[in-house]
Amino acid sequence: MTSNKILFINPVFKENIWGGTRMAEEYGYSIPSKTTGECWAVSAHESGDCVVAEGEFKGESLSELWKNHQELFGNMGGEKFPLLIKIIDARDDLSIQVHPDDNYAGTHEEGALGKTECWYILDCKEDQDIVIGHNAATKQELISMIENREWDKLIRSRPVKKGDFLQINPGTVHAIKGGTLLLETQQNSDVTYRVYDYDRLTDNKPRELHIDKSIDVITVPFQEEVQSIEEKQSSQCQKLVSCQYYEVFKFEIAEQETFVQNKPFFIMSVVEGEGTIDNRAIKKGEHFILPHGYGEYTLAGKMTIIASNPVNIAGVSR
């Protein structure tokens, strides 16, 4: 299949109290403000629906394609495009938060999906850390620490560096710290429960917290995740994780290599360098989808690509 069948995607940007300007500095994006925290790079979510940048489907939204051209996505079915790819620029700390699973979100958030996600650290400060997990041994201890605002006692942190990869399952307390730039692969969901937000004010008011729902969904005790499968697919491709919703791969292209697209569809984000895919130039900051049946493709140049595909459509047809 030729490169003109590739779906190149225009991102959608989100402003956040903790956002910055690195989207423009690192990727050359035209961002809405100096507090741009999120690039929704490949999204069919109602809060940020990306459109196709060129080719046969230019100008069509990803949600429209999902509805009207299921052949592009392996006829997976389901009402919602299953994945959402983001770049997050945390100039300041994000809130301490947790995500629900599909069952809880479906019941409490009007049929929304839960949020399983993973992070690839694109860049970060030296000696950077992030919040992952908590120290409560029982649900009652968790409630007590939250009610008494014993955040230093409750919250766990761990160091991270550029190139690290972390899987964040529902029920995991987590927060990205200021100075971190990362690519997030997640379920197509925007449900987040804030546990603590450092008493920050927006328009002279504290942001909404979701204490009761957070307590409902936080896994107690915290269960440490295996961070990486470290499975080499080839000399230039490594599988980072496989879970019930997605597989994520890292391509480190040094010269040229040929692969086969045999997934329902394959989302690719160029996060470093530049090169070509089937002789079409691609560079850092571009995001595209190889549709179902694309077949053999050749990557050439010097670049790093983070790619993902859906694994299981279960729960998406709400």
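Nothing fancy with the numbering, it's 1 onward along the sequence.
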- Query: Does the pair Lys162 and Glu272 meet the rule for a salt bridge (Lys or Arg N to Asp or Glu O under 4.0 Å), with working shown?
  - Reply: CA-CA 12 Å; Lys162 182 177 180 177; Glu272 288 284 353; 3.4 Å; yes
- Task: In sequence, state the C-alpha distance, the side-chain angles, and the governing distance for Asn10 and Cys50, and then conclude on side chain to side chain contact (heavy atoms under 4.5 Å, CB included).
- Result: CA-CA 6 Å; Asn10 283 330; Cys50 296; 5.9 Å; no
- Query: Which is it for Leu7 and Phe265 under the side chain to side chain contact (heavy atoms under 4.5 Å, CB included) test, yes or no, and what are the steps along the way?
  - Reply: CA-CA 11 Å; Leu7 302 173; Phe265 59 93; over 6 Å; no
- Message: Applying side chain to side chain contact (heavy atoms under 4.5 Å, CB included) to Val195 and Trp151, what does each step give before you reach the verdict?
- Response: CA-CA 10 Å; Val195 184; Trp151 306 117; 3.8 Å; yes
- Item | Evaluation steps, side chain to side chain contact (heavy atoms under 4.5 Å, CB included), between Lys177 and Val131 | CA-CA 7 Å; Lys177 294 287 196 74; Val131 171; 3.8 Å; yes
- Take Glu25 and Thr21 through the test side chain to side chain donor-acceptor pair (under 3.5 Å) and record every step on the way to the result. CA-CA 7 Å; Glu25 295 156 7; Thr21 58; 2.5 Å; yes
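The salt bridge (Lys or Arg N to Asp or Glu O under 4.0 Å) contacts involving residues 196-206 comprise Arg149-Asp199, Asp197-Arg200, Asp197-Arg207, where partners must be two or more places apart or lie in separate chains. Judged as a salt bridge (Lys or Arg N to Asp or Glu O under 4.0 Å), the pairs with a partner in residues 240-261 (not counting sequence neighbours) are, in order, Lys239-Glu247, Glu247-Lys263, Lys250-Glu252. Within the structure, salt bridge (Lys or Arg N to Asp or Glu O under 4.0 Å) contacts touching residues 41-61 (residues at least two apart or in different chains) are Glu54-Arg280. The list of salt bridge (Lys or Arg N to Asp or Glu O under 4.0 Å) pairs with a residue in residues 132-145, not counting sequence neighbours, is empty.
The shortest heavy-atom contact between Gln186 and Glu117 is CB-CB, 3.6 Å. Listed here is the closest heavy atom pair of Ile17 and Asp92: O-OD2, 4.2 Å. Closest of all the heavy-atom pairs between Ala175 and Ser95 is CB-O, 3.4 Å. The two residues Gln70 and Met76 come nearest to each other via the heavy atoms OE1-N, 2.9 Å. The two atoms that bring Val311 and Tyr246 nearest to each other are CG2-C, 3.4 Å, heavy atoms only. Smallest separation of non-hydrogen atoms from Gly20 and Ile31: O-CD1, 4.1 Å.
Asp216 is linked by a side chain to side chain donor-acceptor pair (under 3.5 Å) to Tyr104, counting only residues two or more places apart in sequence or in another chain. The side chain to side chain donor-acceptor pair (under 3.5 Å) check on Thr276 picks up nothing, with sequence neighbours excluded. In this structure, the ring-ring contact (aromatic ring centres under 6.0 Å, His included) partners of Tyr29, at least two apart in sequence or on a different chain, are Phe13, Tyr27. Taking Tyr297 as the reference, Phe259 meet the ring-ring contact (aromatic ring centres under 6.0 Å, His included) condition, with sequence neighbours excluded. Annotation: ring-ring contact (aromatic ring centres under 6.0 Å, His included) contacts of Phe288 (sequence neighbours excluded): Phe8. For the side chain to side chain contact (heavy atoms under 4.5 Å, CB included) test, residues two or more places apart in sequence or in another chain that qualify with Lys161 are Asp164. With sequence neighbours excluded, the residues that form a side chain to side chain contact (heavy atoms under 4.5 Å, CB included) with Gln140 are Thr138, Ile143.
Ile168 is not listed as a side-chain neighbour of Thr116, based on a closest heavy-atom distance of 4.5 Å or more. In this structure, Val217 and Asp101 have side chains that are not in contact, with every pair of non-hydrogen atoms separated by 4.5 Å or more. Proximity of Gln256 to Thr298: side-chain heavy atoms (C-beta onward) are separated by under 4.5 Å at one or more points. Residues Leu181 and Ile88 fail the side-chain proximity criterion, which asks for heavy atoms closer than 4.5 Å. Side-chain atoms of Phe81 and Ser63, non-hydrogen and from C-beta on, never get closer than 4.5 Å to each other. The shortest side-chain heavy-atom distance between Thr172 and Thr219 does not fall under the 4.5 Å cut-off. Side-chain atoms of Asn135 and Leu154, non-hydrogen and from C-beta on, never get closer than 4.5 Å to each other. Two residues are said to be in side-chain contact when any heavy atoms from C-beta on lie closer than 4.5 Å; Leu65 and Val52 meet this criterion.
Note that CG of Leu72 and CG of Leu290 are 12.0 Å apart. Values are rounded to the nearest 0.5 Å. Atom CG of Leu84 sits about 9.5 Å away from atom CG of Leu62, to the nearest 0.5 Å. Rounding to the nearest 0.5 angstrom, the gap separating the CD atom in Gln167 from the OG1 atom in Thr185 is 9.5 Å. Separating the NZ atom in Lys115 from the CG atom in Asn188 is a distance of 10.0 Å, to the nearest 0.5 Å. Interatomic distance, OG of Ser214 versus CG of Leu209, reported as 8.0 Å (0.5 Å rounding).
Lys14 forms a cation-pi arrangement with Trp40, by the criterion of a distance under 6.0 Å to the ring centre and an angle within 45° of the ring axis.
Residues Ser144 and Asn148 bring a donor and an acceptor atom of their side chains to less than 3.5 Å of each other. A side-chain donor-acceptor contact under 3.5 Å links Tyr294 and Asp278. Ser189 and Gln187 are not linked by any side-chain donor-acceptor pair at a separation below 3.5 angstrom, with hydrogens and angles left out of the test.
Hydrophobic clustering of Ile, Leu, Val, Met, Phe, Trp and Tyr side chains at less than 4.5 Å, counting indirect connections, keeps Ile132 apart from Tyr198.
Using bins of under 30°, 30° to 60° and over 60° for the plane-to-plane angle, the ring pair His99/His174 lands in the tilted bin.
Checking each of Glu109, Lys213, His108 against Tyr193 for a side-chain hydrogen bond (donor to acceptor under 3.5 Å, both in side chains) leaves exactly one that passes, namely Glu109. A side-chain contact (heavy atoms from CB on, under 4.5 Å) with Phe251 is found for exactly one of Gln238, Met268, Gln236, namely Met268. Applying side-chain contact (heavy atoms from CB on, under 4.5 Å) to Ser308 and the options Leu183, Leu83, Val241 leaves one that passes, Leu83. Shown are Asp123, Asp89, Thr180, Thr36; of these, the side-chain hydrogen bond (donor to acceptor under 3.5 Å, both in side chains) with Arg22 is made only by Asp123.
Ion pair Glu26/Lys284 flagged as a salt bridge, since at least one NZ, NE, NH1 or NH2 atom sits closer than 4.0 Å to an Asp/Glu carboxylate oxygen. Ion pairing between a basic and an acidic side chain is recognised when a charged N comes within 4.0 Å of a carboxylate O; Arg158 and Asp129 show no such pairing.
Through ILVMFWY side-chain contacts below 4.5 Å, Leu201 is grouped with nothing and stands alone.
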